[in-house]
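Here is the structure we will look at.
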Protein chains: 4
Amino acid sequence: MPSSKLAERGEDPQAKRERRKEARPGELLDAALDLFVEKGYAATRSEEVAARAGVSKGTLFLYFPSKEELFKAVVRENMSGRFAEWEEEFAAFEGSTAEMIRYCLRVWWERIGATRASGITKLMISEARNFPELATFYQQEVIRPGTDLMRRILQRGVDRGEFAPIDVEYGVYALVAPMIFLIMMKHSLGACAPQDYPLDAQRYVETMADLLVNGLCARAEAPRGRA
Amino acid sequence: MPSSKLAERGEDPQAKRERRKEARPGELLDAALDLFVEKGYAATRSEEVAARAGVSKGTLFLYFPSKEELFKAVVRENMSGRFAEWEEEFAAFEGSTAEMIRYCLRVWWERIGATRASGITKLMISEARNFPELATFYQQEVIRPGTDLMRRILQRGVDRGEFAPIDVEYGVYALVAPMIFLIMMKHSLGACAPQDYPLDAQRYVETMADLLVNGLCARAEAPRGRA
Amino acid sequence: MPSSKLAERGEDPQAKRERRKEARPGELLDAALDLFVEKGYAATRSEEVAARAGVSKGTLFLYFPSKEELFKAVVRENMSGRFAEWEEEFAAFEGSTAEMIRYCLRVWWERIGATRASGITKLMISEARNFPELATFYQQEVIRPGTDLMRRILQRGVDRGEFAPIDVEYGVYALVAPMIFLIMMKHSLGACAPQDYPLDAQRYVETMADLLVNGLCARAEAPRGRA
Amino acid sequence: MPSSKLAERGEDPQAKRERRKEARPGELLDAALDLFVEKGYAATRSEEVAARAGVSKGTLFLYFPSKEELFKAVVRENMSGRFAEWEEEFAAFEGSTAEMIRYCLRVWWERIGATRASGITKLMISEARNFPELATFYQQEVIRPGTDLMRRILQRGVDRGEFAPIDVEYGVYALVAPMIFLIMMKHSLGACAPQDYPLDAQRYVETMADLLVNGLCARAEAPRGRA
DNA sequence: GATGAATGAGCCTTCATTCAT
DNA sequence: TATGAATGAAGGCTCATTCAT
């Protein structure tokens with residue numbers, strides 16, 4: 001930012017103020033995300049969000065007409081389609097489906113799980129029933145594309161004979177569940193008493209990937225009675 | 001009016017009242033559990049809890065000194081260890097560890113997942129950060145015994161050569177994650193738009209059990225490079 | 001009220017509280033009427049209304065869900081059909097129409113003008129544009145019946161040859177205008193500086209009645225070119 | 001960009017701006033009058049006034065130190081005595097006093113009632129109790145001169161034997177009331193539901209003038225009992 | 001001068017909690 | 001014990017006013 005300022009020398013006398021104005025919504029959304037994730041929707045006070053963003057109460061309402069709209073904006077802001085990007089990556093993927101799944105979970109952790117974006121998932125799951133309209137939105141914008149992607153990966157494994165012909169729908173849940181679990185732990189119980197959850201996320205993800213891949217492959221290799 | 005009641009029958013005229021009186025706290029905790037699970041702590045109004053329990057606002061505060069204490073009582077009440085019972089069942093279990101795991105998950109679903117007790121898990125995960133002492137309590141009373149049990153089961157499988165020598169800590173997460181995921185779905189997003197989550201819990205549990213058991217066994221049967 | 005208390009001796013232990021509960025809405029409406037008339041809708045604070053009624057802020061909202069609903073209730077409360085009563089009186093009236101008009105204005109002053117009900121008229125006229133739905137209501141419930149009544153009286157005078165065949169519509173305005181004027185003075189400018197408006201309402205009403213009756217009759221007696 | 005303006009033409013480049021600058025206060029007062037009349041003092045937002053005048057919020061406060069001062073300025077600005085002018089007209093009037101009254105009301109309608117100046121009357125009556133000093137001012141600057149003028153006209157009629165020897169004080173009210181009534185209707189209830197008040201102001205004024213003149217004259221021509 | 005982003009006092013409204021009955 | 005009317009602290013939101021640009 002200092003560099004961009006240098007490049008503008010003398011022009012646009014309102015630059016600093018303008019820049020702030022444009023930055024405000026983002027700063028507020030940032031502050032709001034943290035607080036909503038940390039304390040929940042109801043326990044987060046508007047004034048607190050404003051304070052954390054370094055502005056006064058009134059300024060918040062200059063950019064978001066209500067606390068509810070702020071909440072919605074937080075959710076929308078942090079979900080913007082990362083799926084297009086992923087779709088491409090996976091369409092171009094050449095390795096085995098087992099590798100794909102490992103890559104997929106690893107990347108998910110890096111881009112979502114380890115970032116503040118994971119807070120959105122926690123938010124949605126905690127508050128869904130108070131914001132049904134948002135839940136629908138989230139379902140369409142995040143969950144559907146995400147599960148579609150996973151479904152296609154699993155199907156690829158089945159089609160190529162790498163995996164046993166499992167029920168793909170439930171296979172998707174098997175992939176998603178450990179990720180959701182990790183997020184929920186990170187943002188709720190794990191955040192209260194980290195010492196009780198000495199969880200190395202990286203290793204957690206790898207282990208889950210191994211286990212799932214093994215589970216999926218094993219059935220392809222050694223199909224047995226249902227057990 | 002009390003006199004007319006007296007004439008009613010030979011039984012103690014206060015019996016019904018007494019019965020109700022003793023049942024009050026339980027009825028209130030029941031009502032509170034439902035509402036807290038459905039709407040979250042903050043969005044649940046004391047009066048609504050009282051109304052659902054069929055008493056007046058004042059009566060609620062006769063039994064629980066504050067909303068916060070009510071919440072804590074709800075959680076504590078429903079956490080009561082079923083682990084002693086389970087410990088015995090599993091100590092006496094004679095079959096393979098794979099069967100144990102399948103049995104374990106099935107039983108968990110029947111006794112926790114499918115019942116209102118699952119609401120407690122949802123509550124804890126959603127509200128943990130606002131009730132850290134409860135979270136600690138929950139960690140000690142529920143999570144630790146539960147994971148200990150699972151750990152012992154997994155260890156049994158490893159010791160008996162049924163499973164590959166996996167990291168048991170993470171193996172526990174692999175077992176827990178799908179259960180937690182199922183609960184969260186059931187109580188949040190899944191409750192908003194059931195049609196978007198056409199999930200047959202029974203089958204979900206079986207599928208997860210299969211997949212996990214396969215994953216765990218596969219490694220014992222066919223240890224390979226990394227998997 | 002003391003007498004009614006005496007008559008209830010010993011019965012209904014909640015009598016006092018009950019009675020208060022039933023009296024509350026009325027007390028609040030009373031307080032609100034005064035304040036709305038005195039300060040206008042916006043400048044009247046909810047807490048002030050409550051305080052004047054001798055209760056706390058919260059109690060007001062126990063009886064009226066919002067300030068706006070309180071305002072509407074104030075208007076409605078003070079308009080309850082006095083017209084049925086008047087209709088009868090005037091249907092049974094036997095004297096000359098001139099006497100009718102004098103009686104009408106005198107009675108209006110006693111029952112409306114001199115009472116707090118006149119404040120409603122001031123309120124409606126001052127706030128009509130901010131409460132269009134109320135304005136419609138007032139138009140239908142008060143203005144229409146009132147003007148209908150006056151119209152019939154004037155028509156009677158014309159039909160019986162007591163009055164010149166004036167345009168009855170405008171004749172109604174001629175009767176109403178001095179009353180509205182009196183109310184507005186009483187509640188606005190006149191309330192600020194009574195010494196500047198040493199107005200004897202009784203005499204004002206009589207004088208207006210005389211003048212109007214003369215004006216109406218004169219034309220019947222001595223019809224001239226239009227001037 | 002200023003340079004391109006400079007090149008435009010030979011005239012003072014600041015002329016337009018200067019002109020606007022000087023016009024500002026007037027434009028603001030105009031906008032404010034409309035809004036205050038329409039919505040009342042409290043419900044009129046400063047920003048809306050500025051917007052209607054085509055300037056920014058800040059500019060409004062450049063010319064008027066506060067909303068209250070703006071309101072006072074609006075009232076004062078529009079009260080400017082037209083009475084000197086009228087005094088002259090009436091001093092030179094040669095016809096009958098009846099004609100004078102008709103002329104007076106007609107002129108009042110043309111110069112006040114039909115113009116935005118009538119809004120001031122509506123404002124004063126609606127807001128008087130919140131601005132007592134303005135009310136006093138209005139009383140002195142408008143009401144006193146106005147009623148003095150009317151009083152002199154009525155007195156002339158009585159002195160010349162045209163009118164009965166009525167109580168001139170109350171006679172003045174008889175003249176004023178229909179005008180005030182017309183204004184209040186126009187700006188409040190009548191503005192909400194014009195279809196309910198199909199009032200032809202021109203004709204209304206003429207009719208009132210007729211009725212009043214008849215009422216006043218009748219008593220001179222045909223003095224009877226009390227009527 | 002003009003702008004409009006920022007401020008924060010103030011008000012409406014909610015709801016956990018109290019307490020007279 | 002049970003009730004529910006009453007309370008008042010707390011928090012969302014508005015808008016007159018300020019001031020850096």
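All figures in this text were calculated on a predicted structure; none of them were measured in a lab.
For D:Arg24 and E:dG1, the shortest distance from a side-chain N or O to OP1 or OP2 is not below 4.0 Å. Proximity of B:Tyr63 to the phosphate of F:dA2: a side-chain N or O atom is located under 4.0 Å from OP1 or OP2.
For the pair A:Leu60 CG and E:dA5 P, the computed distance is 15 Å after rounding to whole Å. Atom NZ in D:Lys39 sits about 16 Å away from atom C1' in F:dA16, given to the nearest Å.
Residues meeting the side chain to side chain contact (heavy atoms under 4.5 Å, CB included) test with C:Asp30, sequence neighbours left out: C:Arg116. Listed by chain and number, the residues in a side-chain hydrogen bond (donor to acceptor under 3.5 Å, both in side chains) with B:Ser46 amount to none (sequence neighbours excluded). D:Glu48 is linked by a salt bridge (Lys or Arg N to Asp or Glu O under 4.0 Å) to D:Lys39, counting only residues two or more places apart in sequence or in another chain. In this structure B:Glu127 satisfies the salt bridge (Lys or Arg N to Asp or Glu O under 4.0 Å) test with no other residue, sequence neighbours excluded. Evaluation of the side chain to side chain contact (heavy atoms under 4.5 Å, CB included) rule for A:Ala51 yields no partner, not counting sequence neighbours.
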Compile the donor-acceptor pairs under 3.5 Å between side chains in residues 60-70 of chain C and protein atoms, sequence neighbours left out, one pair per line.
unit_1  : atom_1 : unit_2  : atom_2 : d
C:Ser66 : OG     : C:Glu68 : N      : 3.4
C:Ser66 : OG     : C:Glu69 : N      : 3.1
C:Lys67 : NZ     : C:Tyr41 : O      : 3.1
C:Lys67 : NZ     : C:Ala42 : O      : 3.4
C:Lys67 : NZ     : C:Thr44 : O      : 2.8

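Listed by first and then second residue, the salt bridge (charged side-chain N to carboxylate O under 4.0 Å, His left out) pairs involving residues 52-64 of chain B are B:Asp34-B:Arg52, B:Glu47-B:Lys57 (not counting sequence neighbours).
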Exercise for the section: Mind running side-chain contact (heavy atoms from CB on, under 4.5 Å) on B:Phe71 and B:Leu123 for me, showing each step along the way? Expected result: CA-CA 10 Å; B:Phe71 182 80; B:Leu123 269 187; 3.8 Å; yes
Exercise for the section: Would you write the dot-bracket representation of DNA chain F, where each base gets (, ), [, ], | or . depending on whether it forms a Watson-Crick or G-U pair under 3.5 Å and with which partner? Expected result: .||||||||||||||||||||
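Residue-level contact check: B:Phe64 touches neither bases nor backbone, having no heavy atom under 4.0 Å from any strand.
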Practice task
Going 5' to 3' through nucleotides 11-16 of chain E, assign each nucleotide B (protein heavy atom under 4.0 Å from a base atom), S (under 4.0 Å only from sugar-phosphate atoms) or - (no protein heavy atom that close).
Solution key: SSBBSS
